[in-house]
Amino acid sequence: MSAQVATTDDGLLARVARFSPPRRYLPVLGTFALFIGMFGVGGIRYEGFADPQVFLTLLLDNGFLIVLAVGMTFVILTGGIDLSVGSNVALSTLIAARTLELGWPVAAVIGVVLLSGTLLGAAMGLLIHYFDIQPFIATLAGMFLARGLCYLISVESIPIKDETFSAIAFGSITLPGGYYLGWTAVFALVVVAVAAYVLSSTRFGRTVYALGGSEPSALLMGLPVAATKVGVYAISGLCAALGGLLFALYTLSGYSLHAVGMELDAIAAVVIGGTLLTGGRGLVIGSLLGVLVLGTIQTFISFDGTLSSWWTRISIGVLVLVFVVAQRVLTRRR
Amino acid sequence: SSEEGADDGSITMGFAQVGAESGWRTANTTSIQESAKEAGIDLKFSDAQQKQENQIKSIRSYIQQKVDVIAFSPVVETGWDAVLQEAKRAKIPVVLTDRAVDTEDTSLYVTFIGSDFVEEGEKAGQWLVDNAEASDVDKDGAVNVVELQGTTGSAPALDRKKGFEDVISSDSKIKITASQTGDFTRDGGKQVMEAFLQSTPKIDVVYAHNDDMGLGAIEAIKAAGKKPGTDIKIITVDAVKDGMTALAAGEINFIVECSPLLGEQLMDVAEKVVAGEEVPDLIVTEETTFTPEQAAEALPDRKY
Amino acid sequence: MPEPTRTRAVKELGARAVSHRLFWPLAALGTLLAINLIATPTFFNVRIQDGHLYGSLVDIVRNGAPVLLVAIGMTLVIATRGIDLSVGAVAAIAGAVACVYIVKGPADGAAGTAIVAISMALAVCVALGLWNGFLVAVVGIQPIIATLVLMVAGRGIAMLVTGGQITTVNNDAFAALASGHLLTLPVAALIALGVFAVTQIVVRRTALGLLIESVGINPEASRLAGVRSRTIIWTVYVFAALCAGMAGLIIAANTHSVNANSLGLWIELDAILAVVIGGTSLAGGRFSLTGTLVGAMLIATLTRTIPNIGIPAEANYLFKALVVVIVCLLQSPKARAVLQRRREPIPTSREEAVV
Amino acid sequence: MSQADVKQPLPVVEMLDVSITFGAVRALDGVSLRLLPGEVHALMGENGAGKSTLIKALTGVYTIDAGRVRIDGVETQFATPAAAQQAGISTVYQEVNLIPNLTVAENMLLGREPRRFARFGPIDRREMNRRAAASLQSLGIDVDPGSELGSHPIAVQQLVAIARAVDTDARVLILDEPTSSLDADEVARLFEVMRRLRDQGTAIVFVSHFLDQVFEISDRMTILRNGRVVGERLTEETTQLELVQLMIGRDLKVLERIDHAVHETAEEAAERRLPVLSAVGLGRKGSLEATDLTLYAGEVVGIAGLLGSGRTELARLLFGADSADTGDLTVKGSSARRLRSPRHAIDRNLAFCSEDRKAEGVFEELSVADNMMLGLQASRGWLRPIPTATRDKLVAEYMTALDIRPADPSLPIRSLSGGNQQKVLLARWLITEPDVLLLDEPTRGIDIGAKTQIQQLVADLAGKGMSVVFISAELEEVLRLSHRLVVLKDRRKIAERPNREIDVNDVLEIITGEPGILIGKERADA
Ligand SMILES: Nc1ncnc2c1ncn2[C@@H]1O[C@H](COP(=O)(O)OP(=O)(O)OP(=O)(O)O)[C@@H](O)[C@H]1O
Ligand SMILES: Nc1ncnc2c1ncn2[C@@H]1O[C@H](COP(=O)(O)OP(=O)(O)OP(=O)(O)O)[C@@H](O)[C@H]1O
Ligand SMILES: [Mg+2]
Ligand SMILES: [Mg+2]
């Protein structure tokens, strides 16, 4: 069993040539290939589509969705689902806007938002684990609850005028070549990196995969099932709150009707990214790609600019279909 | 690019629509698309499906595509500063349609074309105040109004409620006895009205935030064995064709118009803006109100 | 000695009732109705008006019909370990097809036109169901994603059919689907209850129910046991689409119009909720149509309760969340175990006092 | 009890009067168990006697209704399996309980992964693979620790589960039927490890239905029957016969009769020579090379081979559970080309009992009766339900014929013990009255009484003209039952012999290519 010893004297090229990706990366690679393909087609069809800034803007425009999808990935990996994230985002924007309006310091605002989001997530996790309520239903209730709390805070939209918030919202990193990347996008990428680390290299992360593989087995193996299960929903709640903050930065407002149906976008992104809804298989990076694919579809449509509103829906549906089928075919061929 | 656009004389406009959530909205979309064609303006159209983030994304993409003018009908009033800032930096003029935005920096957009929801509510309220006597159907000295709100939290719902309440507060006889959301849909309007008919005695007037909910309420009233427009007075907002038909038939008593036909005005403004001409900051669309008689008259050449 | 025996018998009966699967959903339904009765003392009044029954309870059953229909189809789909998110869109398409046909048809007020329109709409639904079933059973895509495709695209298709306009029809035969009455009862309710009864009989009197459950519990084992899983999965998706179509037609008929954008919006969530409240697990397998019936009626009552007891529009969602959590908690065996452990000391101490 | 010994050390685990009830079933009824350090303690009993339940009661999977548990003399009740693990009790449960989508190494070290840098550092994959490989090697298992667990056959998964349990420095090691799918070699290596651990002072609980193994490895045994302790014995003072009588409370004379029956029918079958099913060049890429096989009516064909030799694959191809790439099948004279699905096979009167009971056999939430009737119902189609009277009659008939316990067909099948579940699955296929019955490990994890019943049944069925394919890891069993023996090696058929001409040693010789070494223990049973 010396296969683990790295053979450094092997030429890099030779190793690259010999490299065949393990099966579990296939779905993600499929997504990646299709993403590149879409960008290629867009670049040929539309002027200005292939501009790197379009890609960077994609990250900026979808920062909140990326963070949301990251949280959703944790939940889906355990075989659960979280329908509450959209409402949780709206609630977070409203809490942020209202507390800022009341003149709270920014740090306190962020703290309160993150805390409330995490608590909501954890509460659903407790219901799911300790009372055996199915995730779909518990989080549906969470969705109603968060939306209801929104209306309780304010029915009208509240603008955010805080300077720190605007500064962060407008802030961007200038890249060589005159391109720029918004801070919020950078932050979203950091979240992806942290999540990828947690899932692949911590005990918690491995337990998440184990739960998705077989929960009874995980229990018999003496893994911390309760903590992990509640944990993933808390993480999803935390990510929703983070996503809410990014959304608040994105729109500089808090509003009870923000992010209606965003949970479906997040779920779709995770699935397009190759994560199995039955749990146990998937990667965070896939979810990032999933969001980018969804974003590209939208960019496609607005670059095209001639589609009637119903054709927009139909084409999104068709694209998702093509995507899922292509991926299915790709992964079937082993 | 914008120079090219100026060179070949044609204007490219990016329009970010809210969605296709109602017949009113589709009429609005059609009006814009047809007017653009007539005016020879190259229209890039996108549908945000009622999501602000989608609209922001579309506007960003229009900026990247370097269109000559951007127009949009904001989903929400707040939260546009960042993206409008970008448009300003790219020197692309922005025109708002139908709904206003809430910003301190008015230099972010050139002008606003549209209606004033608060005023619509006020017009509805004013009619009721003026016709308070006749509206007290059961003659008990109090005018009991039930309100069918639009989608909770949406701008038209909030403003139409506010305008209406402001005006009727001047008459102590008029009271809103029940108010519930019907989500701007006929089915919602019907179900809520059914409940009101059972739970709220002595309803004199229904105030619906749009025609659709009013039409739903008419169904419920008929099912309860009452005569809409006579046994219970009905006031609505919008004046779409179905609503006007019911108004002409006397099933609705009063409709405040909210016109979706902004296309022509928009193209007009766009051409002027691109040509560098001055335009007024605020262009309120001409909107009227309809009584049954006026409706019967206007109906034959109603487009939507 | 007869006294204690009788109390014990009563106690046992009570215990058995409490442990029945549907006890808590029914209790919740009862409580909601009671709350309404307190808010509006006339709530249970049902009178005959123009030869048909009229009253809040009748409204609840009639307005609950679409959700019940969709939930019946959803129950079978869920039993096979699937889920159908597209039902709302399918309902919209059905409504759109029927209304557009009636408006464009030769005689838009004739009963014949309505019948053709309804048949056409249902035929389209069968095709949509076949499509969903194809994706799930043949291509092997996870049901939630397979039906997400139609959920997204379907509403677009419905708008394509109506041209984005709210299409209003004036056809009495069509309107009768929702507001008509047969033997003093609302037609919509009769349709839903009829579909319920027929499904219940077909599923339990033939082997279909058993085979559906077997596919849901262990797909691989059922394949090896020779169950035609593919056909069964296909059948349930077609049936779900058909139910959704009927629901869509009823909703459209209810307002004589179709709004492709709002018809049946989020009905899939209500239907799934009804199924789960009725005690069918989303993990597939054993299912209970009677439970679904109770669940659907609970949701219809809830919808009615909100305006009836005057909950402000802003608190709708909070109220809904509360009810969902309470019902689900009451139903969860684990939560009940916790509750019972708490309750236990009381009877013990009383017994001690007696002895 | 009687064997109180003055010199006995303090027990590590002491269970006193433990009772557990599941609904109406009293799975444990006042059971006591003492576990001493440095002993291998066998837990014996028929299917459903309560062995697994007792183990789960100890490790905190089930909460006990009455009774006490003492660990090192201190009263304890574990709330979760994790707590038991922390207290030094390491367990391999009866069903292979690992995570199929993780790698072998991850499965072995889940929950105690090595970290890089410090306690809170990232998981060190390289170290993890190294440690996993080392401990697998000590059990003589040659698998890539980085491969996904689910891609390995059950036997390997079972070995990994054992390696995981052994790898901790546990004071108590519990192995619930660890050897059910292992071959003799692997068992020998497992025993080596067990002996080493015992000598180091670990207390080991061992459950197995293989009496020879029990007598080889255990020091003491506790025997359960119907949830009660019926005896606690020192192994060296007990004979197999005594043990079996304790377990089932009756004698075993049937084995003799089976041998007899088989040879009688063998002659008859040879005369009749009616081919029911013949496969020519049947094969599938990556799982089985082209194989010829003909099955005759009234004949039992045994398939022998080592683990992973392709026995399961052959059965699955014959049944159409996997579709073959090459070859032709002829069923009763009519060519079926290749079977594309189990449905086709069933329509042609074939039946197949899978080796993976849990994943491919039972419907856990359905009742015993539904589980039994499902095969027949599926072939009738949903429109023709089986009349209640017929159904009740059939179910009752097979419940008695196969002695399924508890004898209540309305119980959900998941509440039956493993062995009884297996009998229900057999019944499912027998009810369809097949011409060809493919049995893949039908006796795995089954007690000796039930095993004998099933063997008897197979012989009877063949006697009535059915053609049976019998796969089992136990060579003895295959040889005892079959008329003809097919030997597979490395996914290829390497021999086919009439049973009369062959014995265990010959088979081993065929497989290994070396003169057979008599494995003493395997002979003892015959
Ligand atoms: N989860 C459960 N629910 C209901 N009954 C159960 C459950 N688990 C076990 N039983 C019952 O408890 C009894 C003991 O079962 P157990 O699994 O302990 O038997 P066992 O001795 O391990 O048998 P085997 O050798 O077949 O594994 C059986 O009658 C079984 O039906
Ligand atoms: N799903 C799978 N993926 C990859 N390889 C597999 C799979 N199933 C089986 N194999 C391989 O196919 C070979 C044959 O396995 P098979 O299960 O037929 O063995 P067997 O002789 O029937 O042993 P058993 O006693 O376990 O039934 C094994 O080497 C196994 O690793
Ligand atoms: Mg009055
Ligand atoms: Mg056992």
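Order of the sequence lines sets the chain letters (A, B, ...), proteins ahead of strands, with each chain counted from 1. In what follows, every heavy atom counts, from backbone to side chain, and hydrogens, waters and symmetry copies are set aside.
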Check [X] against [Y] and note the closest heavy-atom contact, atom names and distance.
X	Y	answer
D:P385	C:A207	CB-N, 3.9 Å
C:A225	D:A378	O-CB, 3.6 Å
D:E364	C:I217	N-CG2, 3.8 Å

Heavy-atom distances under 4.5 Å only: say whether [X] touches chain C with side chain, backbone, both or neither.
X	answer
D:R384	neither
D:A359	backbone
D:I346	side chain
D:N371	neither
D:R316	side chain

Q. For atom CD of D:Q77, is the number of surrounding heavy atoms from other residues, nucleotides or ligands below 6.0 Å larger than 12?
A.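 Result for CD/D:Q77: enclosed.
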
Distance from [X] atom [atom1] to [Y] atom [atom2], nearest 0.5 Å?
X	Y	atom1	atom2	answer
D:F319	C:L224	CZ	CG	6.5 Å
D:W382	C:T235	CH2	OG1	7.5 Å
D:F363	C:E213	CZ	CD	11.0 Å
D:E365	C:S281	CD	OG	7.0 Å

Heaviest contributor of heavy-atom pairs below 4.5 Å to chain D, chosen from C:I232, C:L210, C:T231, C:V202, is C:L210

Are the side chain of C:N218 and the backbone N or O of D:V362 linked by a donor-acceptor pair below 3.5 Å?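 Judged by distance alone, yes, a pair lies under 3.5 Å.
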
Between C:R223 (side chain only) and D:E360 (backbone N and O only), is there a donor and an acceptor less than 3.5 Å apart?
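Looks like no, no N/O pair under 3.5 Å.
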
Turns out that what part of C:L211 lies under 4.5 Å from chain D's heavy atoms comes down to side chain

- Heavy-atom distances under 4.5 Å only: say whether C:S222 touches chain D with side chain, backbone, both or neither.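 Both parts, heavy atoms under 4.5 Å.
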
